[in-house]
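Side chains included, hydrogens not; waters and symmetry mates left out as well; all remaining heavy atoms used. In listed order, ligands and their atoms are each counted from 1.
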Amino acid sequence: MKKLMAANWKMYKTPEEARSEAEKLSTLLQDSSSQLVDKEVLLFVPAIDLLALSQLLDESRELPFMYGAQNFYPAMEGAFTGENSLEMVRATKAGWVLVGHSERRAYFKEDNALLATKAEFALQNGFRVVFCVGETLEERESGQLQSVIKSQLQEGLAKLPSDYDAKDFAIAYEPVWAIGTGKVASESDIEEAHALVRAILSEIIFEKSSETRILYGGSVKPDNAVNIMKIENVDGVLVGGASLQASSFIEIVLA
Ligand code: PGA
């Protein structure tokens with residue numbers, strides 16, 4: 001199973017900035033290609049920046065990273081002002097979508113039922129999915145880690161088609177209190193949570209659980225990535241702030 005090293009650019013970068021950073025990252029990745037045989041690199045960028053990456057792909061013919069959308073609406077087309085459909089995303093040659101990020105859960109009120117529909121819709125329409133779960137500090141401190149992760153997975157994965165390929169669906173465990181705060185979870189917290197995710201997955205997707213990549217996200221930086229990548233059941237990372245500069249993201253990718 002290749003490690004999946006993913007960036008989440010959130011609501012940063014104009015198309016021009018996205019293109020320029022992606023070009024820098026391409027050069028750095030090409031220079032290190034011999035160290036990347038067991039890794040895949042993925043960028044989740046704002047919808048409007050997908051077109052800039054698609055132009056770059058057309059000009060370069062091949063890019064050393066994959067890219068995907070941070071959001072989409074689960075309908076083919078229609079009167080959904082402000083949303084993008086998967087066909088629009090597909091037109092940019094993006095292959096992945098992010099579903100269930102804690103910012104979408106918190107600020108845009110996306111609940112487990114909608115996220116289940118989005119995950120199903122994406123897989124059925126040929127997209128690969130990174131599905132995020134994670135507890136708030138309040139939930140952790142009141143002893144609800146297990147129940148929160150369990151319901152996010154059981155309800156969020158309730159509609160997965162039975163015939164998808166395990167390499168097309170990854171989980172990102174991101175404790176909400178560690179996102180953008182500089183507070184990274186301890187190695188034992190990460191190990192415990194990833195083992196929990198793996199165990200719950202085995203009840204939901206059975207034999208696919210052992211081939212499903214589980215990424216860690218939340219204040220991953222060049223200086224902690226090496227240790228995080230060594231933890232059992234950590235099959236990659238999802239990186240926000242430290243992915244915005246190619247020079248720092250490359251260090252994490254190589255960790
Ligand atoms: P962070 O964000 O690396 O800035 O903490 C991670 C994420 O939100 O995916």
### Task
Tell me which protein heavy atom sits closest to atom 7 (C) of ligand 1, plus the residue, atom name and distance to 0.1 Å.
E174 OE2, 3.1 Å
### Message
Ring-plane angle category for Y216 and H194, please: parallel below 30°, perpendicular beyond 60°, tilted otherwise.
### Response
tilted
### Task
Starting from atom 3 (O) of ligand 1, locate the nearest protein heavy atom and write down its residue, its atom name and how far away it is, to 0.1 Å.
G240 N, 2.8 Å
### Query
Relative to F249, does K24 satisfy both conditions: NZ or CZ under 6.0 angstrom from the six-membered ring centre, and within 45 degrees of the ring's axis?
no
### Query
For ligand 1, which part of I179 has a heavy atom less than 4.0 Å away: the side chain, the backbone, both, or neither?
both
### Query
Judged by non-hydrogen atoms, does H101 sit under 4.0 Å from ligand 1?
yes
### Message
For atom 5 (O) of ligand 1, which of the options G180, A242, P175 provides the nearest non-hydrogen atom?
### Response
G180
### Task
Compute the minimum heavy-atom distance from S219 to ligand 1 and say whether it is under 4.0 Å.
yes
### Closest protein heavy atom (residue, atom, distance) for atom 4 (O) of ligand 1
G241 N, 2.8 Å
### Query
Is the shortest distance from a Lys or Arg side-chain nitrogen in E40 or R213 to a carboxylate oxygen in the other one below 4.0 Å?
yes
### Query
Counting only heavy atoms not in Q154, do more than 12 fall under 6.0 Å of its CD?
yes
### Message
Between the side chains of D223 and K221, is the shortest nitrogen-to-carboxylate-oxygen separation below 4.0 Å, so that they form an ion pair?
### Response
no
### Task
Output the list of atoms in ligand 1 that are nearer than 4.0 Å to some heavy atom of G218, sorted by atom number.
5 (O)
### Task
Say whether A178 and ligand 1 are in contact under the criterion: heavy-atom distance to a ligand atom below 4.0 Å.
yes
#### Entry: Salt bridge R140-E135, side-chain N to carboxylate O under 4.0 Å
yes
### Members sharing Y107's hydrophobic cluster (side chains within less than 4.5 Å)
F108
### Message
Under 4.0 Å from a heavy atom of K10: which atoms of ligand 1 are those, numbered in the order shown and with their elements?
### Response
2 (O), 7 (C), 8 (O)
### Message
Using heavy atoms and a 4.0 Å limit, tell me yes or no: is G217 in contact with ligand 1?
### Response
no
### Task
Under 4.5 Å between side-chain heavy atoms, chaining through other members, with only Ile, Leu, Val, Met, Phe, Trp and Tyr counted: pull out the rest of the cluster around W96, sorted by chain and number.
L4, L42, F44, M66, L98, V130, L215, L238
